[in-house]
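Take a look at the structure set out below.
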Amino acid sequence: MKTVFACAAALVAASSASAGVVFGVDAVTANGVNSVIFGESQLSVEVEAGAPGTVVFTVANTGPQASSVANVYFDDAALLSGGVVTNGPGTEFSAGGSPNEMPAGNMVGFVSDFRFTASNPKTVGGVNPGEWVSFTFNLAGGSSIADVIAAMNSGALRVGMHVIGFANGQSESFITPAPGSLALMGLGGLIAGRRRR
């Protein structure tokens, strides 16, 4: 019996080492009750170490409700430089685009340092149910993945997204880390964020 527990513990430890930290989102806008509920339940941002000296942010939409992440923004990104997109199946993002700032971001003091936009039509190139997109940044000034996670947990580094294509016709803006919520770590992050590479 001890062998079974030891093997299970080793498996959890190995899984945790490769899993990132998954953050939930909170709505900044409230254009529709259902669009807020669906967005908060379907969207997440996983933060994990990439190649040495890099960090990867993966925005995922687990679905099943209609929605499309059209823009992704990074605020107070002093720990980050560069920014390379890795599109998942069905997504097509590139650096820049418009709008320059996350819609309604001023309501929460959100000022974008980096922005990425889905190709037109955004409801096709965006992150739809079951899809993901990743953004890889260099760690600036000798910072580490632990510094990035700490900045996310404190709200010093935030990720915002503008989401369109809800069934009610509304669009919403969301931000992570979700104020007052805890990041899911280790095995929870592995389950919620499922490996995408």
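With contacts defined as side-chain heavy-atom distances shorter than 4.5 Å, the pair T176/F174 does not qualify. Looking only at side-chain heavy atoms (C-beta outward), I164 and T123 come within less than 4.5 Å of each other. Within the 4.5 Å cutoff, the side chain of V47 has heavy atoms near those of the V148 side chain. Here the side chains of V21 and M152 are not in contact, with every heavy-atom distance at 4.5 Å or above. Contact check for V133 versus T58: no side-chain heavy atoms found under the 4.5 Å cut-off.
In this structure a side-chain-to-backbone donor-acceptor pair under 3.5 Å is missing from T29 to N31. For T62 (side chain) and Q42 (main-chain N/O), a donor-acceptor pair under 3.5 Å exists by modelled atom type. Without hydrogens or angle criteria, E101 side chain to N106 main chain gives no donor-acceptor distance under 3.5 Å.
For the pairing with F114, the ring-ring contact (aromatic ring centres under 6.0 Å, His included) check across F93, F137, Y73 returns one residue only, F137.
More than 12 heavy atoms of other shown residues, nucleotides or ligands fall within 6.0 angstrom of atom CD in Q65.
To the nearest 0.5 Å, atoms OG (S67) and CG (L43) are separated by 6.0 Å. Between N71 atom CG and S98 atom OG the span is 7.5 Å, to the nearest 0.5 Å. To the nearest 0.5 Å, the span separating CZ on F166 from OG on S171 amounts to 8.0 Å. We find the CG-OG distance between N61 and S68 to be 7.5 Å, quoted to the nearest 0.5 Å.
Under 3.5 Å, the side chains of S134 and T86 contain no donor-acceptor pair of N or O atoms. In this model, no donor atom of one side chain and acceptor atom of the other lie less than 3.5 Å apart for N100 and S112.
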Please report the C-alpha distance between N138 and T54 in whole Å, then the side-chain angles of each, then the deciding distance to 0.1 Å, and finally whether the side chain to side chain donor-acceptor pair (under 3.5 Å) criterion is met.
CA-CA 4 Å; N138 294 316; T54 67; over 6 Å; no
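Pairs passing the salt bridge (Lys or Arg N to Asp or Glu O under 4.0 Å) check and including a residue from residues 148-175, sequence neighbours excluded, read D75-R158.
For F135, the ring pair (Phe, Tyr, Trp, His ring centres under 6.0 Å) partners two or more places apart in sequence, or in a different chain, are F74, F116.
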